Enquirer: 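Have a look at this one.
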Amino acid sequence: MQHRTVAKERIFYIALVALFTLTAGSGNLQGQDARAIMEKNYYVMKVPTIKNTIYMTLVSATGNIRERKMNVVGKLRSNGIDSMLLIRFLYPADIKGTGFLQIEETEGDDNMWVYLPGLGKTRRIVANNKKDSFFGSDFSYGDILPRKVDLFRHRLLQVETSDGNDCYVIESIPRDEHEIMNSGYGKKISWIRKDNFVENKIEYYDGAGQLLKTQQVSDHTIVDSINHKWMARRREMITHRTNHRTILKLDHIRVGDSIPDAFFTTRTLERE
Amino acid sequence: MMLTYARFIIKNRAAVIITIVVITVFFGYHALSLEMAIERDNQLPQSHPLIKLDNKIMDLFGGASVAVIAVAPHTGTIYNNKTLGLIAKLTDEVAKLKGVKRNNVLSITSPRVKDIVGRNDTLDIAPLIENLPLSGEELKALPAKVRANEMATAFLVSEDGRTAVIFVDFDSSTYFADAYREIEETVDRVKDDGHEIVLAGSVVYMNFIQVYSKKMAILFVLAVCIVGLIHFEAFRTIQAIILPLVTALVSVVWGLGLLGYFNIKMDAWNSLTPILILAVAAGHAVQILKRYYEEYPHSKDNESAVIETVAKVGPTMFIAGGSAILGFLSLLVFDINTVKVFGLFTAFGIMSALILEMTFIPAIRSMISPSWTEGMKSAERRSCLGGLTEGISDVLLRRPRLFLGIGLLVFLTSIIGALRLRVNNSFIDAFPKDDRVNISERFINERFAGTSTINILVTGAGIDALKSPRILQAMDGFQSELGRMPDVGKIISLTTLIKRTNRAMNGDDEAHYLIPESENLISQYLLLYDPDDLEIVVDRDFNNAVIRVFTRNDQAAYATRLFSEARVLASRYFGHLDVEVGIAGGTLGNQKALNENVIKEKTQNIWQIVLIILLVSSLALRSMVAGLYVILPSILAIVINFGVMGITGTWLSLSTAAVSALTISIGADYAIYFIFRYREEFNRSRDHQAAIRGTMSTTGKGIFFVASAIAAGFATLLFSPLVYHKHLGGLVALSMLTSSLGAVTLLPAMITLFEPDFLGLEKASLDTKKSAVKITP
């Protein structure tokens with residue numbers, strides 16, 4: 001039953017998109033349409049709970065490679081939008097045991113804690129870090145936990161094939177200066193796959209319109225066929241200024257395990 | 001052979017003139033495409049270890065061309081929303097400029113200037129200033145926040161809080177002039193009445209060196225006028241004004257055209273070259289003109305006078321000009337690109353002058369109306385030079401030892417002065433004390449940690465090597481000791497960040513302002529940072545870190561002291577660790593490299609030129625002793641120069657050192673012209689006394705004309721705004737005076753006393769000479 005609802009919904013959206021792509025009438029309608037696609041994209045990866053392992057490979061411009069491995073446990077909060085995340089580093093040895101706990105807050109700044117085993121202490125981090133690097137990688141925190149759809153104005157540019165997949169090409173521009181400051185981007189262009197609404201590629205531009213980074217997304221996997229939830233197992237981000245690259249590979253993905261809210265506390269964080 | 005050649009030129013004069021005009025049009029066309037641009041790499045000795053290391057640091061961390069924008073409210077401190085807004089606006093605007101490394105734009109409002117504060121169990125990592133305008137409370141708290149922030153205080157904001165700076169880093173392919181124009185336009189657009197905005201940094205002074213070098217064009221015109229006037233005073237004929245200047249100007253066009261053809265940019269160095277070529281070319285032209293005026297009355301036939309002149313002076317001019325050309329070409333062994341270009345440009349210019357004087361000028365001269373040559377005789381009579389050369393001849397023939405004695409005395413006095421000579425270079429001191437560049441640099445140096453830098457590169461054994469507490473502690477110890485040296489304003493490195501984080505993680509307890517003992521903990525701290533925030537102090541592999549030392553003194557002599565102290569400290573702190581420490585880079589490193597280059601290469605260059613001239617003149621006169629005679633007046637002139645520089649406290653710098661090369665190259669010409677003429681006169685009269693008097697009244701006078709023209713031409717550099725142009729102008733003028741005086745006094749005195757074999761004086765005539773000396777009352 002639920003399956004059919006989703007399928008219906010999907011058909012409805014596709015029909016809607018097709019309609020507006022064909023007619024390409026008023027900009028407003030087209031904007032609505034692009035927004036709908038981005039909203040699908042936003043929710044397609046929201047799962048009630050997730051456990052996985054992330055292999056992070058950092059490749060410098062000179063070709064030096066640095067590997068990191070971390071366990072991630074996540075849970076969607078009751079509002080269905082915000083997530084709770086607990087990340088624990090497993091490798092390399094010098095940062096092993098280091099943990100981060102992040103609780104997203106739609107209204108206001110996220111709550112974050114860090115546990116450093118070298119210090120044996122947890123500290124709450126007060127930082128507006130959406131545009132800061134996610135653990136020294138080319139991904140920012142904002143790239144990992146996608147920004148809310150309505151913080152941007154979306155526009156469908158065209159429909160084209162990317163890596164053999166039919167994609168909507170959507171331009172997203174922050175609604176205000178504050179979001180430009182927050183995200184660090186003046187514009188994003190996303191290639192959203194028509195079949196599953198997961199992105200295939202994203203280009204990130206700065207306020208002056210210069211291309212900053214490009215993310216290539218591949219190995220799309222369905223993790224919850226009933227609720228039509230997808231994940232991408234491989235993401236690669238390149239920062240064009242430095243030619244530094246980061247590859248994130250997801251493995252051991254488990255979706256839907258029951259995880260109590262109490263797991264996402266500093267007590268768990270301090271249990272190495 | 002020379003006669004045949006001269007006749008050939010006169011016979012085919014139309015073809016000769018057309019050919020030269022075509023060549024001149026070709027070079028003139030290419031000269032039009034010349035551009036002026038000062039490029040950093042061209043100014044520095046690229047194979048010097050300090051420069052190599054600096055280039056490596058620039059590749060890793062940027063900083064090749066930096067502009068510093070200082071913002072100061074007319075009253076009060078910068079801690080108000082208006083000033084902070086202005087700083088933020090400037091920071092944003094300059095980051096958008098072409099060629100600016102966005103990530104390296106740094107000011108107190110840059111998001112990457114972070115404040116790390118620990119309170120109880122909270123770690124607050126946030127930009128020092130977020131979301132302008134600040135509330136009244138935030139404004140009140142800001143001064144204390146800035147003072148507590150090692151990255152901000154005395155670096156981005158002055159200690160008294162009255163001035164803030166914005167650092168703008170351009171990529172090395174941007175021309176200084178373009179970078180300056182962009183910055184200036186931005187400042188003009190953004191500035192308001194309430195603030196003073198001052199620009200400094202390498203972008204600014206390189207730009208103004210270029211702007212002032214462009215003024216050379218005006219000084220060149222002035223030099224042309226002065227040289228023309230001196231020629232007119234000497235010869236009182238139209239030809240004397242026009243023809244030598246034609247040679248000089250066409251030589252300059254050829255030289256400029258050569259640069260344009262090879263797409264070489266004009267810079268501070270080679271902007272002087274036109275004046276040099278003008279002076280030297282006019283000098284050779286005058287020697288020929290002088291001879292022509294001697295030949296003309298004999299035959300009263302223009303063409304045969306021209307042919308005789310070319311045949312007689314041609315060989316001398318080839319030897320004199322040829323040795324100067326080789327001397328300047330020897331600058332090609334220099335490691336500094338701009339000096340190479342200077343050598344090539346000058347050598348080509350002088351060669352052009354020789355070619356013109358041997359082709360175009362005789363062809364023209366043979367065609368012009370004899371009326372152009374009139375007026376000479378009366379001028380000769382009126383000229384006070386006639387009296388001078390006669391007076392010198394009289395005294396000289398009677399008391400040659402007096403001249404040698406005076407020469408020796410001057411030599412010894414100069415040696416004493418030269419002992420006080422200091423080798424030094426400074427970019428800033430190229431500008432007069434009251435110049436805006438110098439004033440701006442002082443403005444910032446007085447308020448901040450200084451605008452001159454040393455960069456110390458610490459390289460580990462591989463990825464993450466610099467997370468080692470041993471290495472970080474060594475860096476910390478090293479920099480705190482170096483910080484106690486005089487004029488060191490501030491030192492910034494990775495250790496500052498780690499110490500701050502450690503303190504913040506321990507509840508802002510000052511006792512924890514240190515490098516922790518655990519490497520794991522350091523790695524964990526660094527995980528908290530965005531690599532972009534660390535970019536100015538460490539690379540992403542954590543294997544190369546730079547310690548940036550800011551000083552208030554940019555003189556090379558100071559750099560040498562600081563470097564040797566840093567080396568001692570480095571071996572003490574890092575000697576036992578698996579790291580490579582390169583002490584180099586920054587403006588002070590450049591100055592030091594330049595200085596060492598000046599000492600090594602300039603000394604080498606002077607010997608090189610001396611040897612070339614010695615060799616050429618020895619071969620030409622078939623005697624080593626003759627070679628020594630030729631260079632003696634120039635050597636004396638150089639020693640006098642060094643003496644005067646020592647006494648007046650003028651540094652031996654890249655530019656003043658160049659005077660030596662010019663002095664030998666040009667000074668030797670005087671001696672060559674003198675000796676050749678003396679030989680000719682002696683062979684004719686077989687009488688030493690007559691030969692000396694004859695040489696003095698012809699070539700001797702010519703030497704004075706030439707020397708005064710070159711001296712006056714170079715003296716126009718005294719009007720240049722750049723200090724080293726002034727020094728160069730004054731010193732070349734002085735050396736022209738001393739080397740020409742040396743040639744017309746010491747040479748005849750030595751010939752009289754020592755009767756050297758190379759002159760081919762026969763026994764009989766020597767006896768005549770001795771008796772002549774004796775019987776003169």
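Since we're looking at a predicted model, the values are computed, not measured.
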Enquirer: Using a 6.0 Å distance limit plus a 45 degree cone around the ring axis, check whether A:K249 lies over the aromatic ring of A:Y55.
Expert: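 No, a cation-pi geometry is absent between A:K249 and A:Y55.
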Enquirer: Taking CD in A:E105 as the centre, count heavy atoms belonging to other residues, nucleotides or ligands within less than 6.0 Å. Is the count above 12?
Expert: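 Yes - once you tally the heavy atoms of other residues, nucleotides and ligands closer than 6.0 Å, there are more than 12.
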Enquirer: For side chain to side chain donor-acceptor pair (under 3.5 Å), just list the numbers for A:S140 and A:D143, CA-CA rounded to whole Å, side-chain angles, deciding distance to a tenth of an Å, and then say yes or no.
Expert: CA-CA 5 Å; A:S140 70; A:D143 301 335; 3.2 Å; yes
Enquirer: Applying salt bridge (charged side-chain N to carboxylate O under 4.0 Å, His left out) between B:E150 and each of B:R503, B:K145, B:K114, report the one that passes.
Expert: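 Answer to the salt bridge (charged side-chain N to carboxylate O under 4.0 Å, His left out) test with B:E150 among B:R503, B:K145, B:K114: B:R503.
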Enquirer: For B:I463, which atoms come within 4.5 Å of any heavy atom of chain A: side chain, backbone, both, or neither?
Expert: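 B:I463 touches chain A through side-chain heavy atoms alone.
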Enquirer: Would you say NZ of A:K46 has more than 12 non-hydrogen atoms from neighbouring residues, nucleotides or ligands within 6.0 angstrom?
Expert: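 Check passes, neighbour count above 12.
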Enquirer: Taking the basic N atoms (NZ, or NE/NH1/NH2) and the acidic carboxylate oxygens, is any pair closer than 4.0 Å for A:R35 and A:D150?
Expert: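 Looking at A:D150 together with A:R35, the answer is yes, because their closest N to O distance falls below 4.0 Å.
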Enquirer: When heavy-atom pairs shorter than 4.5 Å are enumerated against chain B, which of A:E177, A:Q210, A:K121, A:H244 gives the highest number?
Expert: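 Among the listed options, the one with the most contacts to chain B is A:H244.
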Enquirer: Which answer fits B:K101, side chain, backbone, both or neither, if we ask what part of it has an atom under 4.5 Å from a heavy atom of chain A?
Expert: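 It is neither, since no heavy atom gets under 4.5 Å.
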Enquirer: Can you say whether A:A93 sits under 4.5 Å from chain B via the side chain, the backbone, both, or neither, judging by heavy atoms?
Expert: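 Backbone of A:A93 only, per the 4.5 Å heavy-atom cut-off to chain B.
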Enquirer: Can you tell which part of A:F100 gets under 4.5 Å to a heavy atom of chain B, answering side chain, backbone, both or neither?
Expert: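 Only the side chain of A:F100 comes within 4.5 Å of chain B.
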Enquirer: Given heavy-atom pairs under 4.5 angstrom as the criterion, report whether the side chain, backbone, both or neither of B:L528 touches chain A.
Expert: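 For B:L528, the side chain is the part near chain A, not the backbone.
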Enquirer: State whether the side chain of A:S183 and the backbone N or O of A:E179 hold a donor-acceptor pair below 3.5 Å, judged by distance alone.
Expert: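 Yes, A:S183 side chain to A:E179 backbone: donor-acceptor pair under 3.5 Å.
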Enquirer: Please name the residue in the list B:L86, B:V168, B:T109 that meets the side-chain contact (heavy atoms from CB on, under 4.5 Å) test with B:T91.
Expert: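 Passing option: B:T109.
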Enquirer: Side chain from CB out, backbone as N, CA, C, O: work out which of these in A:I65 comes under 4.5 Å of a heavy atom of chain B, or both, or neither.
Expert: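 The answer is the backbone of A:I65.
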Enquirer: In terms of heavy-atom proximity below 4.5 Å to chain B, should A:S137 be classed as side chain, backbone, both, or neither?
Expert: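 For A:S137, backbone heavy atoms alone lie under 4.5 Å from chain B.
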Enquirer: Heavy-atom distance under 4.5 Å to chain B: side chain of A:T62, backbone, both or neither?
Expert: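 For A:T62, the contact with chain B is made by the side chain alone.
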Enquirer: Report the option among B:E535, B:K96, B:K467, B:M505 that has the most heavy-atom pairs separated by less than 4.5 Å from atoms of chain A.
Expert: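 Among the listed options, the one with the most contacts to chain A is B:M505.
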Enquirer: Determine whether more than 12 heavy atoms belonging to other residues, nucleotides or ligands lie under 6.0 Å from atom CG of A:N243.
Expert: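 Above 12, so yes.
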Enquirer: Is it the side chain or the backbone of B:D532 that comes within 4.5 Å of chain A heavy atoms, both, or neither?
Expert: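 Just the side chain, heavy atoms under 4.5 Å.
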Enquirer: Indicate yes or no: does A:D261 engage A:K75 in a salt bridge with an N to O separation below 4.0 Å.
Expert: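 Salt bridge flag = yes for A:K75 with A:D261.
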Enquirer: Among the options A:N64, A:V114, A:I125, pick out the one with the most heavy-atom pairs lying under 4.5 Å from chain B.
Expert: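 Most heavy-atom pairs under 4.5 Å with chain B: A:N64.
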Enquirer: Assess whether side chain to side chain donor-acceptor pair (under 3.5 Å) is satisfied between A:N79 and A:D82, documenting all intermediate values.
Expert: CA-CA 7 Å; A:N79 64 6; A:D82 292 328; 2.9 Å; yes
Enquirer: Spell out the residues in residues 179-189 of chain B that have some non-hydrogen atom less than 4.5 Å away from a non-hydrogen atom of chain A, in order of number; otherwise answer 'none'.
Expert: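 Residues in range: none.
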Enquirer: Before giving the answer on side chain to side chain donor-acceptor pair (under 3.5 Å), spell out for A:E67 and A:Y91 the whole-Å C-alpha distance, their side-chain angles and the decisive distance to 0.1 Å.
Expert: CA-CA 8 Å; A:E67 304 271 5; A:Y91 181 87; over 6 Å; no
